[in-house]
Visitor: 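The structure that follows is given in the form of structure tokens.
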Amino acid sequence: MSRTEQVSRLLKFRFRAMNTDVEVQLAAGREEAEHAAALVKNWFETQEQRFSRFVADSELNRLNRCTGWMPVSAAMDEVLSLAYGYIGQTEGIFQPGISQALRASGYDVSFEQLQQRELRQSGAERRLDMDIRQLDITDVRNDDYEYSRPRWIQREGSRMVHKDPGTELDLGGIVKGWAVERIADWLQRTLHIPSGLINAGGDIQAWGTTSHPMWSVQVADPYHEERNLMGRIQLRKGAVATSGVIRRQWHNTDGSLSHHLIDPRTMKPADTDVLQCTVLGQHASQCEIIAKTVCILGSAEAVGWLNRHYDRHDVLWMTRDGSTYFRGNTDTLAECWPGFDPDHRFSLL
């Protein structure tokens, strides 16, 4: 097989990291692709050890336990800087200072462990857990702070961080998209891989050349992930991110459902009509933030927020009544979102 033929082939690799399935597709020779895939796997595993709140000695947990100034890694400094900016962009709906609220809602172990515990526990044990968590969330809600304000400061140029007293950060709402985006950029710039796609649980960064076919990204039905919702997304390069309330949810003792998307205005799982949101843009981290924000805000508030910020992303979401909404470039809807016929369409301002 010639070098040209080798490079034109897409080789696929899969592994588990960051509590999600990661898929890597690379247009490269097998030896080069296997080497790159191993580096990608190491990258995700390293970031999981750094940012996970479920790893006892992670850098995030050390930062959460710290009561003064703490030196942080370049990666932590970069993610915190991004998060700081996104708090402003989302008017505080993206808020990393929700770790206690996540625990109080029941998300105090990894989701796989949460599901196993739910199966094992008796009704009385679940009620006791819920009573304890309600005490925790009452303390969080009584805390005198503005939800839209960052709860940490960074000393410019020094990689030193100081949190507000009592603050515990959770960076799960941004780390996955950031990790996808950064490793994709490294594969292009350092290993010079001409075409590739990184998909970490629906957060996707893709790149290619004019000689490479368009990437086709399926959008799963939130209730039936094994089949498409209505169609797919076509792109040559760029990013896609999906967020929703269905895939990570659990039962409370009263039979109600909780999910992992916390509304910082109430410090409870968001009361929203949006089941799932998918965003098409250029950067995975930004798409991830927009998708989560739309899910938390709900349809009516989301359109207003997107318009206030003159956002140029394509955003598609599905609501509990089965309706689909699209806000973006309606002129390229048929080309970029083949098969989709949204019930409600909002053009870019």
Side-chain angles (χ1 to χ4, degrees), residues 83 86-98 101-102 104-107 137 140-141 146-149 170 172-174 177 202-203 219-223 225 229-230 240-252 254 256-281 285-330 333 337 340-349:
Y86 284 135
I87 290 174
Q89 179 183 333
T90 63
E91 301 171 10
I93 296 303
F94 170 70
Q95 172 56 264
I98 58 166
L102 280 169
S105 71
Y107 198 3
I137 196 62
V140 172
R141 285 201 299 268
E146 298 177 11
Y147 74 87
S148 60
R149 180 178 64 82
D170 178 88
I174 186 174
D203 288 357
V219 179
D221 185 319
Y223 285 112
E225 295 179 16
L229 175 61
M230 292 173 62
V240 177
T242 297
S243 186
V245 302
I246 296 294
R247 293 174 61 186
R248 292 177 187 259
Q249 63 177 5
W250 56 93
H251 285 90
N252 295 316
D254 60 2
S256 63
L257 286 171
S258 286
H259 58 79
H260 72 297
L261 295 182
I262 298 293
D263 187 336
R265 298 170 295 187
T266 63
M267 283 297 180
K268 292 182 177 180
D271 182 10
T272 176
D273 68 326
V274 178
L275 289 181
Q276 178 175 285
C277 178
T278 298
V279 179
L280 170 62
S285 59
Q286 190 170 27
C287 291
E288 181 181 26
I289 295 296
I290 293 170
K292 285 179 168 58
T293 301
V294 169
C295 286
I296 292 171
L297 287 174
S299 299
E301 288 189 82
V303 174
W305 169 67
L306 290 165
N307 288 341
R308 283 195 301 278
H309 291 271
Y310 301 99
D311 191 85
R312 312 301 293 177
H313 292 77
D314 280 359
V315 186
L316 183 135
W317 65 93
M318 178 180 179
T319 59
R320 294 184 184 279
D321 65 3
S323 299
T324 53
Y325 291 72
F326 178 84
R327 195 270 186 191
N329 189 343
T330 53
L333 176 60
W337 300 75
F340 284 96
D341 184 19
D343 300 299
H344 308 277
R345 305 180 186 199
F346 303 93
S347 298
L348 299 172
L349 293 181

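Residues take their numbers from the sequence shown, with the count starting at 1. From a predicted model like this one, the values you see are computed outputs, not experimental measurements.
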Visitor: Please give me the minimum heavy-atom distance between His313 and Leu348, naming the atom from each residue.
Guide: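 Scanning both residues, the minimum pair turns out to be O-CD2, 4.1 Å.
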
Visitor: How close do Gln95 and Pro264 get, heavy atom to heavy atom, and via which atoms?
Guide: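 So the two residues come closest at CB-CB, 3.8 Å.
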
Visitor: Using the side chain to side chain donor-acceptor pair (under 3.5 Å) criterion, which residues pair with Thr293? Sequence neighbours excluded.
Guide: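 Not a single residue meets the side chain to side chain donor-acceptor pair (under 3.5 Å) criterion with Thr293.
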
Visitor: Would you please name every residue forming a side chain to side chain donor-acceptor pair (under 3.5 Å) with Asn307, sequence neighbours left out?
Guide: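 Partners of Asn307 under the side chain to side chain donor-acceptor pair (under 3.5 Å) test: Arg327.
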
Visitor: Within a strict 4.5 Å, meaning less than it, do heavy atoms of the Thr90 and Ile289 side chains meet?
Guide: yes

Visitor: How long is the straight-line distance from SG of Cys287 back to CG of Leu280, given to the nearest 0.5 Å?
Guide: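 Between atom CG of Leu280 and atom SG of Cys287 there are 6.5 Å.
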
Visitor: What distance separates Ile246 CD1 from Met318 CE, expressed to the nearest 0.5 Å?
Guide: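 Rounded to the nearest 0.5 Å, the CD1-CE separation comes to 9.0 Å.
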
Visitor: Which heavy atom in Thr272 sits nearest to a heavy atom in Gly298, and how many Å separate them?
Guide: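 Reported closest heavy-atom pair: OG1-CA, 3.4 Å.
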
Visitor: Are side-chain heavy atoms of Val240 and Val279 found at a separation under 4.5 Å?
Guide: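 Not touching, per the 4.5 Å side-chain cut-off.
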
Visitor: I need the minimum non-hydrogen distance between Ser243 and Leu261, along with the two atoms involved.
Guide: OG-CD1, 3.9 Å

Visitor: Could you report the tightest heavy-atom contact between Cys277 and Val315, atom names first, then the distance?
Guide: SG-CG1, 3.5 Å

Visitor: Return yes if a side-chain donor-acceptor contact under 3.5 Å exists between Trp317 and Thr278, otherwise no.
Guide: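 Distance-only check fails for Trp317 and Thr278.
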
Visitor: Ignoring hydrogens and geometry beyond distance, is a side-chain donor-acceptor pair present between Asp311 and His309 at under 3.5 Å?
Guide: no

Visitor: Holding to salt bridge (Lys or Arg N to Asp or Glu O under 4.0 Å), I want the full list of residues that pass it with Asp273, two or more places apart in sequence or in another chain.
Guide: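 Checked Asp273 against salt bridge (Lys or Arg N to Asp or Glu O under 4.0 Å); zero matches.
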
Visitor: Is any side-chain heavy atom of Ser347 closer than 4.5 Å to one of Thr330?
Guide: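 Yes, close enough: below the 4.5 Å cut-off.
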
Visitor: In chain order, what residues pass the salt bridge (Lys or Arg N to Asp or Glu O under 4.0 Å) check against Arg345, with sequence neighbours excluded?
Guide: Asp341

Visitor: For Glu301, enumerate each residue passing the side chain to side chain donor-acceptor pair (under 3.5 Å) test, keeping only those at least two apart in sequence or located in another chain.
Guide: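 Glu301: side chain to side chain donor-acceptor pair (under 3.5 Å) contacts with Arg265.
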
Visitor: Are Ile98 and Met267 side-chain neighbours, meaning at least one heavy-atom pair lies under 4.5 Å?
Guide: yes

Visitor: Test side chain to side chain contact (heavy atoms under 4.5 Å, CB included) on Thr319 and Leu275; report intermediate values, then the result.
Guide: CA-CA 5 Å; Thr319 59; Leu275 289 181; over 6 Å; no

Visitor: Taking the side chain as every heavy atom from C-beta outward, state whether Ile290 and Trp305 have any atom pair closer than 4.5 Å.
Guide: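 Ile290 vs Trp305: side chains touch.
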
Visitor: How many angstroms lie between atom CG of Asp271 and atom CD1 of Ile296, to the nearest 0.5 angstrom?
Guide: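 Asp271 atom CG to Ile296 atom CD1 measures 12.5 Å (nearest 0.5 Å).
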
Visitor: So, taking the atom named SG in Cys295 and the one named CG in Asp263, what distance separates them when rounded to the nearest 0.5 Å?
Guide: 12.0 Å

Visitor: In Å, rounded to the nearest 0.5 Å, how long is the span from CZ of Arg312 to CG of Leu306?
Guide: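 Arg312 atom CZ to Leu306 atom CG measures 11.5 Å (nearest 0.5 Å).
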
Visitor: Kindly write out the residues that satisfy side chain to side chain donor-acceptor pair (under 3.5 Å) with His344, not counting sequence neighbours, or none if the list is empty.
Guide: none

Visitor: Is the shortest side-chain heavy-atom distance between Ile174 and Tyr86 below 4.5 Å?
Guide: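 SC-SC contact between Ile174 and Tyr86 confirmed.
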
Visitor: If you compare all heavy atoms of Tyr325 against all heavy atoms of Pro342, which two are closest, and at what distance to 0.1 Å?
Guide: C-CB, 4.4 Å

Visitor: Within the side chain of Gln276, is there an N or O that forms a donor-acceptor pair under 3.5 Å with the backbone of Leu316?
Guide: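 Looks like no, no N/O pair under 3.5 Å.
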
Visitor: Measure the spacing between CD of Glu288 and CZ of Phe94 and express it to the nearest 0.5 Å.
Guide: 8.0 Å

